[in-house]
J.: 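Take a look at the following structure, please.
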Amino acid sequence: MTGEKDLKILLQSMKPELNEGEYVFCTVEKLPEIELKEIVCFFKEKEGITLIIRKELADQLNLSYGFIASWITLKIHSSLEAVGLTAAFSKALTSKNISCNVVAGYFHEHIFVATKDAEAAMKELHRLSEEGI
């Protein structure tokens, strides 16, 4: 299955879901002794490895972070070739002055917003889904 490409269907069917907990972005030179199941995402950059993990785990490992986020998953299986989905929800969140950090997985789009903005972000994503394009 390659996922949905039609923007109208993607927006109408995105079904945003707020995951429990607080998440942080940390950077490390090498992966610490963490089980893979504890890591939400990691990405290797020239400057280091970015980890997205639960805030509690970062605190236990004494990893520094600055941004405390809530994690929203769009439940629609979006194609990696879909055009416009990220732009549409990013624009909607921008209109409410909500910063978003996006990670595209094989099946879903994952949006990280400041924890203080999670409720407003969910409201705006539901509005966008109802109104569509």
Side-chain angles (χ1 to χ4, degrees):
M1 292 177 42
T2 59
E4 183 59 56
K5 292 182 184 178
D6 184 283
L7 181 58
K8 185 174 182 178
I9 294 170
L10 286 166
L11 291 173
Q12 291 172 344
S13 306
M14 60 184 183
K15 298 180 182 136
E17 179 178 280
L18 182 61
N19 297 284
E20 288 185 29
E22 293 180 315
Y23 298 85
V24 295
F25 289 63
C26 305
T27 184
V28 295
E29 289 184 26
K30 62 180 186 171
L31 288 176
E33 295 294 321
I34 308 176
E35 289 189 45
L36 188 56
K37 68 181 183 179
E38 299 294 331
I39 300 172
V40 173
C41 182
F42 65 94
F43 194 90
K44 186 176 179 293
E45 300 177 279
K46 285 187 218 176
E47 300 84 355
I49 300 169
T50 298
L51 295 176
I52 304 173
I53 57 178
R54 286 188 169 272
K55 179 183 175 294
E56 306 86 61
L57 180 57
D59 290 339
Q60 289 171 10
L61 296 171
N62 292 316
L63 296 175
S64 61
Y65 53 84
F67 177 67
I68 301 173
S70 290
W71 171 19
I72 300 169
T73 299
L74 303 183
K75 299 302 286 184
I76 180 83
H77 179 187
S78 54
S79 170
L80 291 168
E81 298 176 303
V83 175
L85 178 61
T86 303
F89 68 70
S90 178
K91 182 178 179 183
L93 294 175
T94 296
S95 76
K96 300 298 181 187
N97 202 34
I98 299 172
S99 170
C100 65
N101 293 276
V102 183
V103 175
Y106 185 85
F107 294 100
H108 307 288
E109 302 289 324
H110 303 275
I111 308 167
F112 293 87
V113 300
T115 299
K116 68 177 180 57
D117 294 328
E119 187 176 315
M122 287 294 290
K123 183 177 178 181
E124 187 61 17
L125 292 170
H126 282 292
R127 184 204 59 77
L128 177 62
S129 185
E130 290 169 8
E131 293 180 7
I133 51 177

J.: Do Ser129 side-chain atoms and Leu125 backbone N/O form a donor-acceptor pair below 3.5 Å?
T.: no

J.: In Å and rounded to the nearest 0.5 Å, what is the OG1 to CG distance from Thr27 to Leu51?
T.: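 Spacing of OG1 (Thr27) from CG (Leu51) equals 7.5 Å.
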
J.: Counting C-beta onward and ignoring hydrogens, is there a side-chain heavy-atom pair between Leu128 and Phe89 closer than 4.5 Å?
T.: yes

J.: On a heavy-atom basis, which atom in Ser99 and which in Val113 lie closest, and how many Å separate them?
T.: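 Smallest interatomic distance, heavy atoms only, reads O-CG1, 3.6 Å.
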
J.: Roughly how far, to the nearest 0.5 Å, is CG of Leu7 from OG of Ser78?
T.: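 Output value for this atom pair is 11.0 Å.
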
J.: To the nearest 0.5 Å, what is the distance between OG on Ser79 and CD on Glu4?
T.: 8.5 Å

J.: Under 4.5 Å between side-chain heavy atoms, hopping through other hydrophobics if needed: is there a path connecting Ile76 to Ile111?
T.: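 As far as the 4.5 Å side-chain criterion goes, Ile111 and Ile76 are connected within one cluster.
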
J.: Kindly say whether Leu10 contributes a backbone atom to a donor-acceptor pair with the side chain of Ser13 at under 3.5 angstrom?
T.: no

J.: Any side-chain heavy atom of Ile34 within less than 4.5 Å of one from Leu57?
T.: yes

J.: With a 6.0 Å cut-off (strictly less than), is the heavy-atom count around OH of Tyr65, excluding the residue itself, greater than 12?
T.: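 Yes, OH of Tyr65 has more than 12 neighbouring heavy atoms, counting only those of other groups under 6.0 Å.
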
J.: Indicate the atoms forming the closest heavy-atom contact of Lys5 with Glu81, along with that distance.
T.: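 Here Lys5 and Glu81 meet closest at NZ-OE1, 3.2 Å.
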
J.: Linking I/L/V/M/F/W/Y whenever their side-chain heavy atoms sit closer than 4.5 Å, directly or via other members, would Val103 and Leu93 fall into one cluster?
T.: no

J.: Group every Ile, Leu, Val, Met, Phe, Trp and Tyr by side-chain heavy-atom contacts under 4.5 Å, then state whether Leu61 and Val28 land in the same group.
T.: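 Yes, same cluster.
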
J.: When you measure from the side chain of Glu35 to the backbone of Lys37, do you find a donor-acceptor pair of N or O atoms at a distance under 3.5 Å?
T.: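 Pair absent, no side-chain N/O of Glu35 close to backbone of Lys37.
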
J.: Is the closest side-chain heavy-atom distance between Leu80 and Thr2 below 4.5 Å?
T.: no

J.: Any side-chain heavy atom of Ser70 within less than 4.5 Å of one from Asn19?
T.: no

J.: Can you find a heavy atom in the side chain of Met122 that is under 4.5 Å from one in the side chain of Leu18?
T.: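 Yes, their side chains come closer than 4.5 Å.
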
J.: Verify, without hydrogens or angle tests, whether Asp117 (side chain) and Ala120 (backbone) share a donor-acceptor contact under 3.5 angstrom.
T.: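 Absent.
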
J.: Step by step, would you call Asn101 with Tyr23 a side-chain hydrogen bond (donor to acceptor under 3.5 Å, both in side chains)?
T.: CA-CA 12 Å; Asn101 293 276; Tyr23 298 85; over 6 Å; no

J.: In the structure I gave you, are the side-chain heavy atoms of Cys100 and Ser90 within less than 4.5 Å of one another anywhere?
T.: yes

J.: Decide side chain to side chain contact (heavy atoms under 4.5 Å, CB included) for Glu17 and Ile72; before the verdict, give the C-alpha distance in whole Å, the side-chain angles of both, and the deciding distance to 0.1 Å.
T.: CA-CA 5 Å; Glu17 179 178 280; Ile72 300 169; 6.0 Å; no

J.: If you measure from CZ on Phe67 to CD on Glu22, what distance do you get to the nearest 0.5 Å?
T.: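 One finds 11.0 Å between CZ of Phe67 and CD of Glu22.
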
J.: Is there a continuous path of hydrophobic side-chain contacts, each under 4.5 Å between heavy atoms, that joins Leu85 to Ile98?
T.: yes

J.: If you measure from OH on Tyr106 to NE2 on His77, what distance do you get to the nearest 0.5 Å?
T.: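 Taking OH in Tyr106 and NE2 in His77, the distance rounds to 5.5 Å.
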
J.: Quick one: do Phe43 and Ile39 end up in the same hydrophobic cluster if we chain Ile, Leu, Val, Met, Phe, Trp and Tyr together by side-chain heavy atoms under 4.5 Å apart?
T.: no

J.: Thinking salt bridges, do Glu119 and Lys123 make one under a 4.0 Å N-O criterion?
T.: no

J.: For Glu38, is there an ion pair with Arg54 - N to carboxylate O distance below 4.0 angstrom?
T.: no

J.: Would you compute the distance between atom CD1 of Ile49 and atom CG of Leu31 and round it to the nearest 0.5 angstrom?
T.: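 Taking CD1 in Ile49 and CG in Leu31, the distance rounds to 4.5 Å.
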
J.: Between Phe25 and Phe112, how do the two ring planes meet: parallel, tilted or perpendicular, split at 30° and 60°?
T.: perpendicular

J.: What is the minimum heavy-atom distance between Ser95 and Glu124, and which atoms define it?
T.: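 So the two residues come closest at OG-OE2, 3.8 Å.
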
J.: Is there a side chain to side chain contact (heavy atoms under 4.5 Å, CB included) between Lys15 and Leu74? Walk through the geometry before answering.
T.: CA-CA 6 Å; Lys15 298 180 182 136; Leu74 303 183; over 6 Å; no

J.: Return yes if a side-chain donor-acceptor contact under 3.5 Å exists between His110 and Thr73, otherwise no.
T.: yes

J.: Side chains of Glu45 and Thr50: donor-acceptor distance under 3.5 Å anywhere?
T.: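 Their side chains do contain a donor-acceptor pair, which is all the 3.5 Å distance test asks for.
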
J.: To check you understand the geometry: which heavy-atom pair defines the closest contact between Cys26 and Ala58, and what is its length?
T.: SG-CB, 3.9 Å

